[in-house]
Student: 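A single structure is presented below for examination.
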Amino acid sequence: MPGALPLNELAGWYRASARDLPWRRPEFDAWGTLVSEIMLQQTQAARVAVEIDRWLTRWPTPADLADAPTHEVLRQWGTLGYPRRALRLQDTARAIVERHGREVPRDVDALLALPGVGDYTARAVAVFHYGDRHPVVDTNVRRVIARAVHGQGEAGPAKRRDLADVEALLPAEPAEASVISIALMELGALVCTARAPRCEVCPIAAACAWRAAGYPAYEGKRAPRQSRFAGSDRQARGTVLRALRGVDVPLTEAELAPLWPEDEQRERAIGSLAADGLVVREGGSVRLPH
DNA sequence: GTCCCGTCTC
DNA sequence: GAGACTGGAC
């Protein structure tokens, strides 16, 4: 087992170099933290940063979002991507109102039970807002640990085991553990990046097992190649939903047809959007849910 | 064109 | 464990 990470160097680097992001402001409450973490699941921080304040101004509490018309929630979600997250966020707001007395739960298992909240998001809220001690493991953290601790260039597919691995290297004190978790994420986002790591400015380069081994090429399993977006069902779904966000009336199949001329794929896209609850078919028309 | 990268479903 | 799911950056 390689030596321990220099945690003091890492924490010091974070304090000096962290980006000034809205959700790191001290006045961000538990709800704001949860909303921002859901948005950050699939979307770059810079894009979330320009949307989060507008969202929280409109729906400052779970009760406000629970009562909102779903079509307005989808419109406000805009082009953040993966709009099923917006539906699940509203479902989560309703669950918080109904099951948790309008307060975002602190307990990790209660958070995990909320729709759209998985291993990363549940612990991010418990750690970054409530200050509890848990491993917060996203892809950045897994890559940093893979390199610095295990001497591997890449992390390979996510495993449950990763949580225990990270937990083992966190300081015992919850506040210190929280800083290390956020610092590992920030290091992976800014310095220990996937494609062009900037080892010359890395605060833990001297202890990095991958660097010490001479940057061996990664031999393990890789995530499968992502299929093409152009011409995909994903693109067709996005095209239909974008059109519906832009109007406040249902669109007929005839109005949608020119936007995605291939009939079979357009129908499949509308059908899968309806199955997800993102659109409603009514007669020969398609609309956003009320 | 390639990469990004958490949750859910199967 | 594998694949679906968006839109934008590079």
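Proteins get letters first, then strands, A, B, ... in listed order; numbering begins at 1 in each.
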Student: I'd like to know if Arg133(A) and Glu167(A) make a salt bridge, using a cut-off of under 4.0 Å between side-chain N and carboxylate O.
Tutor: yes
Student: At what distance, to the nearest 0.5 angstrom, does OG1 of Thr239(A) lie from CG of Leu244(A)?
Tutor: 11.0 Å
Student: With rounding to the nearest 0.5 Å, note down the distance linking CH2 in Trp210(A) to CD in Glu154(A).
Tutor: 8.5 Å
Student: Looking for any heavy atom pair under 4.0 Å, which part of the strands does Pro157(A) touch: base, sugar-phosphate only, or nothing?
Tutor: nothing
Student: To the nearest angstrom, how far is Arg242(A) atom CZ from dT6(C) atom C1'?
Tutor: 10 Å
Student: Any salt bridge linking Asp162(A) with Lys159(A)? Criterion: basic side-chain nitrogen under 4.0 Å from a carboxylate oxygen.
Tutor: no
Student: Can a salt bridge be assigned to the pair Glu186(A) and Arg24(A) using a cut-off of 4.0 Å between side-chain N and carboxylate O?
Tutor: yes
Student: Pick the nucleotide of DNA chain C nearest each of Lys159(A) and Asp233(A); which residue has the one closer to the 5' end?
Tutor: Lys159(A)
Student: Take the protein atom CD of Gln265(A) and the nucleotide atom C1' of dC5(C), then report the distance between them rounded to whole Å.
Tutor: 14 Å
Student: For Gln235(A) and dG7(C), give me the distance from atom CD to atom C1', rounded to whole Å.
Tutor: 10 Å
Student: Whole-Å distance between dC5(C) P and Asp276(A) CG?
Tutor: 8 Å
Student: Report the residue (Arg47(A) or Ser227(A)) whose heavy-atom-nearest nucleotide on DNA chain C is the more 5′ of the two.
Tutor: Ser227(A)
Student: Provide the distance between the two C1' atoms, one in dT9(B) and one in dG7(C), to the nearest whole Å.
Tutor: 23 Å
Student: With 3.5 Å as the limit, what N/O pairs link the protein to nucleotides 4-8 of chain B?
Tutor:
{"from": "dC4(B)", "atom 1": "N4", "to": "Gln226(A)", "atom 2": "OE1", "distance (Å)": "2.9"}
{"from": "dC4(B)", "atom 1": "N4", "to": "Gln226(A)", "atom 2": "NE2", "distance (Å)": "2.6"}
{"from": "dG6(B)", "atom 1": "OP1", "to": "Thr139(A)", "atom 2": "N", "distance (Å)": "3.2"}
{"from": "dG6(B)", "atom 1": "OP2", "to": "Thr139(A)", "atom 2": "N", "distance (Å)": "3.4"}
{"from": "dG6(B)", "atom 1": "O4'", "to": "Gln41(A)", "atom 2": "O", "distance (Å)": "3.1"}
{"from": "dG6(B)", "atom 1": "O4'", "to": "Gln42(A)", "atom 2": "NE2", "distance (Å)": "3.3"}
{"from": "dG6(B)", "atom 1": "N9", "to": "Gln42(A)", "atom 2": "NE2", "distance (Å)": "3.1"}
{"from": "dG6(B)", "atom 1": "N3", "to": "Gln42(A)", "atom 2": "NE2", "distance (Å)": "2.7"}
{"from": "dT7(B)", "atom 1": "OP1", "to": "Gly118(A)", "atom 2": "N", "distance (Å)": "2.8"}
{"from": "dT7(B)", "atom 1": "OP1", "to": "Gly118(A)", "atom 2": "O", "distance (Å)": "3.3"}
{"from": "dT7(B)", "atom 1": "OP1", "to": "Thr121(A)", "atom 2": "N", "distance (Å)": "3.0"}
{"from": "dT7(B)", "atom 1": "OP1", "to": "Thr121(A)", "atom 2": "OG1", "distance (Å)": "2.8"}
{"from": "dT7(B)", "atom 1": "OP2", "to": "Asp119(A)", "atom 2": "N", "distance (Å)": "3.4"}
{"from": "dT7(B)", "atom 1": "OP2", "to": "Tyr120(A)", "atom 2": "N", "distance (Å)": "3.2"}
{"from": "dC8(B)", "atom 1": "OP1", "to": "Gly116(A)", "atom 2": "N", "distance (Å)": "2.6"}

Student: Within this structure, what is the CZ-to-C1' distance between Arg228(A) and dG7(C), rounded to whole angstrom?
Tutor: 18 Å
Student: Tell me: CH2 of Trp260(A) to P of dT6(C), nearest whole Å?
Tutor: 13 Å
Student: What's the gap between dG8(C) and dT7(B) when it is taken at their P atoms, as a whole Å value?
Tutor: 22 Å
Student: Measure from CG on Leu80(A) to C1' on dG8(C) and round the result to the nearest Å.
Tutor: 11 Å
Student: Whether Glu37(A) and Arg123(A) form a salt bridge (side-chain N of Lys/Arg under 4.0 Å from carboxylate O of Asp/Glu) is what I want to check.
Tutor: no
Student: Measure CG/Leu74(A) against P/dG7(C) and give the value in whole Å, please.
Tutor: 12 Å
Student: Using a cut-off of less than 4.0 Å, is there contact between a side-chain N or O of Thr43(A) and OP1 or OP2 of dG8(C)?
Tutor: no
Student: What's the shortest heavy-atom distance between Arg85(A) and Leu40(A), and which atoms?
Tutor: NH1-N, 4.4 Å
